[in-house]
Amino acid sequence: MASAFSAAKFSAQPFPLNHTSTTSHDSSIVFAKPTSLFLGSTRKLRLTSSSKFNLSRRSGTVDAVSDVVKQKKSKSSPSLLITKEEGLELYEDLVLGRAFEDMCAQMYYRGKMFGFVHLYNGQEAVSTGFIKLLKQQDSVVSTYRDHVHALSKGVPARAVMSELFGKTTGCCRGQGGSMHMFSREHNVLGGFAFIGEGIPIATGAAFTSKYKREVLKEADCDHVTLAFFGDGTCNNGQFFECLNMAALWKLPIVFVVENNLWAIGMSHLRATSDPQIYKKGPAFGMPGIHVDGMDVLKVREVAKEAIGRARRGEGPTLVECETYRFRGHSLADPDELRDPAEKAHYAARDPITALKKYLIENSLASEAELKTIEKKIDEVVEDAVEFADESPVPARSQLLENVFADPKGFGIGPDGRYRCEDPKFTEGTAHV
Amino acid sequence: MAAIFQGVGAAATLSSSPSNSFVPKKFLTSPRRSFCVPSSVVVRSDGSVNFDLNSKSRRAQQLVANAVATKADSSAASSSSNPGHELLLFEALREGLEEEMERDPCVCVMGEDVGHYGGSYKVTKDLAKKFGDLRVLDTPIAENSFTGMGIGAAMTGLRPVVEGMNMGFLLLAFNQISNNCGMLHYTSGGQFTIPIVIRGPGGVGRQLGAEHSQRLESYFQSIPGIQMVACSTPYNAKGLMKAAIRSENPVILFEHVLLYNLKERIPDEDYICNLEEAEMVRPGEHVTILTYSRMRYHVMQAAKTLVNKGYDPEVIDIRSLKPFDLYTIGNSVKKTHRVLIVEECMRTGGIGASLTAAITENFNDYLDAPIMCLSSQDVPTPYAGTLEEWTVVQPAQIVTAVEQLCQ
């Protein structure tokens with residue numbers, strides 16, 4: 001019976017302030033009481049009619065995810081959270097994320113990619129849980145830890161790997177790099193190096209969605225935007241400013257906090273006066289939810305609700321996913337500050353192992369099928385590396401391309417012609 | 001002071017109208033002589049120039065006054081086929097914005113108090129009533145975030161016009177403007193365009209204090225991937241606003257707090273001003289004076305005095321702060337061999353500094369004298385009126401500089 005998703009896991013919460021011992025099962029702190037996940041439901045409403053919360057409906061429909069799981073499991077006829085196809089899809093995406101990132105580390109140490117590379121190992125459940133529910137026209141905005149978000153959204157592994165190698169076949173023609181993954185086709189809006197600066201971009205994308213519906217009268221436009229960012233970002237002004245604007249205008253956006261407890265070497269508890277990030281949602285008039293981010297099925301349940309809310313035009317949601325990165329902040333981070341016991345605790349909650357267990361125990365998939373998937377992913381990743389290796393590096397002529405959408409922006413040269421008409425421009429040797 | 005501003009507007013009309021058969025018959029066209037001041041100049045798009053000249057006489061005195069002509073002249077001049085209509089600079093901006101919003105439903109406005117309040121300088125007056133609260137969006141006071149929101153909206157298909165209530169407030173948006181506005185087209189490998197316009201009033205006003213008197217063009221000029229333009233007359237304000245909105249590049253449009261009430265007659269028909277071109281204000285032979293925004297009027301005032309003293313300055317409003325129109329500027333340098341830059345930016349790292357470098361790099365052989373650059377003092381703008389006056393370049397200093405340059 002012991003499923004990886006039992007409520008017991010909820011009580012193992014981030015370590016409290018000043019906690020120095022290494023016991024990982026301290027008495028549960030206030031973090032997540034199963035009955036009060038959607039804190040928006042406890043608020044008194046004195047807002048204008050334009051921002052209605054249906055309070056009673058909310059507290060009725062949204063319980064702790066763990067309760068939902070328990071309920072479903074306790075029914076006489078076993079109804080599961082996912083179908084077999086969904087399960088395999090989720091599993092494949094989780095494994096892709098992990099395998100890709102592991103390969104990135106290898107390639108980095110072999111000198112195929114450089115600079116700052118931030119790996120997502122351990123956090124895959126958040127990306128898979130949320131992004132696999134999106135349509136192609138929905139948008140995703142991320143941070144520098146964006147490889148897996150791009151992969152989950154559908155950007156081919158080849159394109160991402162080439163971008164990391166700095167090749168011209170990369171998704172950004174080699175001009176972006178690890179921290180700037182963009183894809184117009186799959187609506188991945190970046191990839192940002194400074195934390196917090198993607199959140200207004202996501203708010204803008206959500207604004208466009210609302211604008212299309214209400215001003216351009218595209219009645220069926222229900223595109224949702226997901227903004228992913230970390231615990232460190234939640235102390236940044238742009239976060240709060242965007243929570244305000246999104247709630248004010250009921251933008252179709254979900255703010256997903258990937259709280260992995262560490263901002264490089266700064267523990268979340270040392271940086272934040274009130275570490276319970278989900279509580280900050282109701283302060284701005286939106287529901288705030290805390291979920292176990294190591295559990296892809298729990299994340300998926302919460303994501304369904306939040307994305308559904310946004311699609312229906314009910315406004316934004318703040319979802320705090322408690323998760324953990326197994327590696328350092330970046331490949332240059334020696335990762336000396338984190339407690340090995342903490343790491344071990346979360347390693348035991350590896351999302352891939354957990355889902356594998358769930359699938360097998362509920363007879364959704366066999367070991368063999370999962371092995372097949374793992375092999376397939378290995379091949380995909382190997383192929384991506386080969387492709388990236390064989391791709392050409394950008395030619396010099398690419399240097400001055402894409403600076404301006406309209407290259408007339410380089411101005412008029414002394415000879416009266418636009419500088420972009422100068423052949424040196426297309427060669428990339430002109431000096432701007 | 002106000003009269004001069006009003007008058008200047010009219011002169012600008014005459015000098016910058018693009019209509020093809022504009023010069024009424026009563027104005028003569030003849031070779032220029034020294035001491036003759038053209039009171040109306042038509043610079044056509046093909047580069048040819050027509051002058052209106054009157055022989056030196058008592059009329060010279062009157063003409064000197066008409067170097068910054070009064071409204072009376074403009075009404076005479078506009079009795080031609082194209083009547084145009086008269087309006088103030090902020091109304092011209094609004095007209096341009098409104099026309100573009102009618103033309104393209106994706107054009108929208110975001111900023112503080114742009115909607116119900118109509119804009120702190122009334123540039124967006126009544127637009128919210130016409131287009132709705134979502135298209136003319138009143139934002140909370142969060143410059144960094146709503147500018148970023150504008151950029152995100154631009155990436156996903158809209159064409160926002162973001163207003164900084166005062167340009168100085170956009171310092172708070174520097175993160176978004178530098179990192180995202182300028183860079184995302186490049187770092188995305190050309191996948192996303194950012195057709196955003198960021199505009200607002202800046203410059204030294206009337207005792208507004210240091211923080212409301214900032215000139216951000218010098219801070220923004222290094223950002224790759226953006227274009228910067230500065231408007232100075234109702235004609236080019238409307239033209240540049242429209243061109244900026246239609247441009248696929250991110251454009252920062254600098255307006256000046258003191259120029260919003262300039263009056264001018266502008267054409268009725270649709271027109272734009274090229275974003276990358278400079279504007280010839282007054283052709284001349286002796287010295288090239290490069291300027292932009294409010295300083296254009298100080299320069300033209302100094303031009304009156306200079307003409308009386310026998311100089312013949314060529315005045316160019318560079319309009320495009322980034323990139324520079326090296327063609328117009330270069331042609332002028334090749335003609336006059338002397339350059340004076342008059343700007344309101346601070347000395348250090350200002351537009352003038354960049355322009356000096358660009359001219360030296362490209363046209364060094366044509367210079368007979370070192371480039372002179374008159375900028376504001378490197379001080380936070382003081383509140384006291386007298387001190388504030390000495391912070392910016394005054395016409396008397398311009399006259400002295402030209403005299404020095406032409407020795």
Side-chain angles (χ1 to χ4, degrees), chain A residues 139 141 170-177 180 182-185 187 189-194 196-212 214-216 225 237-238 241-242 244-245 248-249 401-406 408-419 432, chain B residues 105-106 108 110 131-132 134-135 137 139-140 142 144-158 160 175-176 179-180 183-195 224-227 247-249 251 275-278 320 322-331 362-363:
Chain A
S139 302
V141 175
C171 54
C172 301
R173 308 180 76 200
Q175 289 168 192
H180 303 282
F182 288 82
S183 167
R184 175 149 222 134
E185 189 191 337
N187 288 299
L189 301 175
F192 293 92
F194 288 18
E197 66 181 1
I199 307 177
I201 302 286
T203 312
F207 179 80
T208 301
S209 175
K210 184 181 170 89
Y211 189 96
K212 282 185 176 159
E214 295 183 14
V215 175
L216 301 179
T225 307
Q238 286 166 107
E241 290 173 2
C242 290
N244 178 42
M245 292 197 292
L248 189 62
W249 299 315
E401 293 172 10
N402 307 136
V403 178
F404 288 106
D406 179 0
K408 296 217 295 278
F410 282 116
I412 302 173
D415 58 359
R417 291 188 309 167
Y418 275 98
R419 302 188 62 197
V432 289
Chain B
C106 290
C108 57
M110 316 178 170
F131 296 109
L134 206 57
R135 270 191 93 178
L137 186 73
T139 61
N144 202 11
S145 293
F146 71 69
T147 305
M149 192 173 95
I151 295 169
M155 285 167 77
T156 43
L158 299 186
N175 179 11
Q176 291 293 336
N179 279 336
N180 289 344
M183 292 194 194
L184 289 189
H185 185 71
Y186 194 78
T187 52
S188 68
Q191 291 181 84
F192 291 98
T193 56
I194 305 172
I226 57 158
Q227 280 185 253
S247 170
E248 294 300 313
N249 298 334
V251 179
L275 289 176
E276 295 89 25
E277 277 178 18
S320 175
K322 178 181 158 93
F324 295 131
D325 178 359
L326 292 178
Y327 182 59
T328 310
I329 294 171
N331 285 350
N362 286 292
F363 308 114

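Here the structure is a predicted model, which means the values were calculated and not measured. Here is how names work: the chains are called A, B, and so on, in the same order as the sequence lines, proteins then strands, and each is numbered from 1. The figures here come from the full heavy-atom set of this structure, side chains too, leaving out hydrogens, waters and symmetry mates.
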Closest-packed option against chain B by number of heavy-atom pairs under 4.5 Å, given [options]:
| options | answer |
| --- | --- |
| A:Ser139, A:Ser183, A:Gly204 | A:Gly204 |
| A:Arg173, A:Glu401, A:Lys408, A:Glu241 | A:Glu241 |
| A:Gly176, A:Ala205, A:Pro414 | A:Pro414 |
| A:Met245, A:His180, A:Glu185 | A:Met245 |

So what's closer than 4.5 Å to chain A heavy atoms on [X]: side chain, backbone, both or neither?
| X | result |
| --- | --- |
| B:Met183 | neither |
| B:Asp325 | both |
| B:Gln227 | both |
| B:Ile226 | backbone |
| B:Ser320 | neither |
| B:Leu275 | neither |
| B:Phe324 | backbone |

| task | Would you please classify the geometry between the A:Tyr211 ring and the A:Phe207 ring as parallel, tilted or perpendicular, with 30° and 60° separating the classes? | result |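 Because their plane-to-plane angle lies in the 30° to 60° range, the rings of A:Phe207 and A:Tyr211 count as tilted.
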Below 4.5 Å from any heavy atom of chain B, which atoms of [X] appear? Answer side chain, backbone, both or neither.
| X | answer |
| --- | --- |
| A:Asn244 | side chain |
| A:Leu248 | side chain |
| A:Leu189 | both |
| A:Phe194 | side chain |
| A:Ser209 | neither |

Sub-3.5 Å donor-acceptor pair from the side chain of [X] to the main-chain atoms of [Y], do we have one?
| X | Y | answer |
| --- | --- | --- |
| B:Gln176 | A:Glu197 | yes |
| A:Asn402 | B:His185 | no |
| B:Asn249 | A:Asp406 | yes |
| B:Glu276 | A:Ile412 | no |

Which residue out of [options] racks up the most heavy-atom pairs below 4.5 Å with chain A?
| options | result |
| --- | --- |
| B:Ile151, B:Ile329, B:Leu158, B:Thr193 | B:Leu158 |
| B:Thr187, B:Thr328, B:Asn144 | B:Thr187 |
| B:Gly148, B:Ser247, B:Ala278 | B:Gly148 |

Item checked: Partner residues of B:Gln191 under the side chain to side chain donor-acceptor pair (under 3.5 Å) criterion, sequence neighbours left out ->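 Testing B:Gln191 for side chain to side chain donor-acceptor pair (under 3.5 Å), a comparison that skips the adjacent residues, returns none.
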All side chain to side chain donor-acceptor pair (under 3.5 Å) counterparts of A:Lys210, not counting sequence neighbours: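 By the side chain to side chain donor-acceptor pair (under 3.5 Å) rule, A:Lys210 matches A:Glu214.
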Is the number of heavy atoms from other residues, nucleotides or ligands under 6.0 Å of B:Phe363 CZ greater than 12?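 For B:Phe363, atom CZ is crowded (more than 12 foreign heavy atoms under 6.0 Å).
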Review point. Does a side-chain heavy-atom distance below 4.5 Å link B:Leu134 with B:Cys108?
Key: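 A side-chain contact is absent here, since even the closest heavy-atom pair is not under 4.5 Å.
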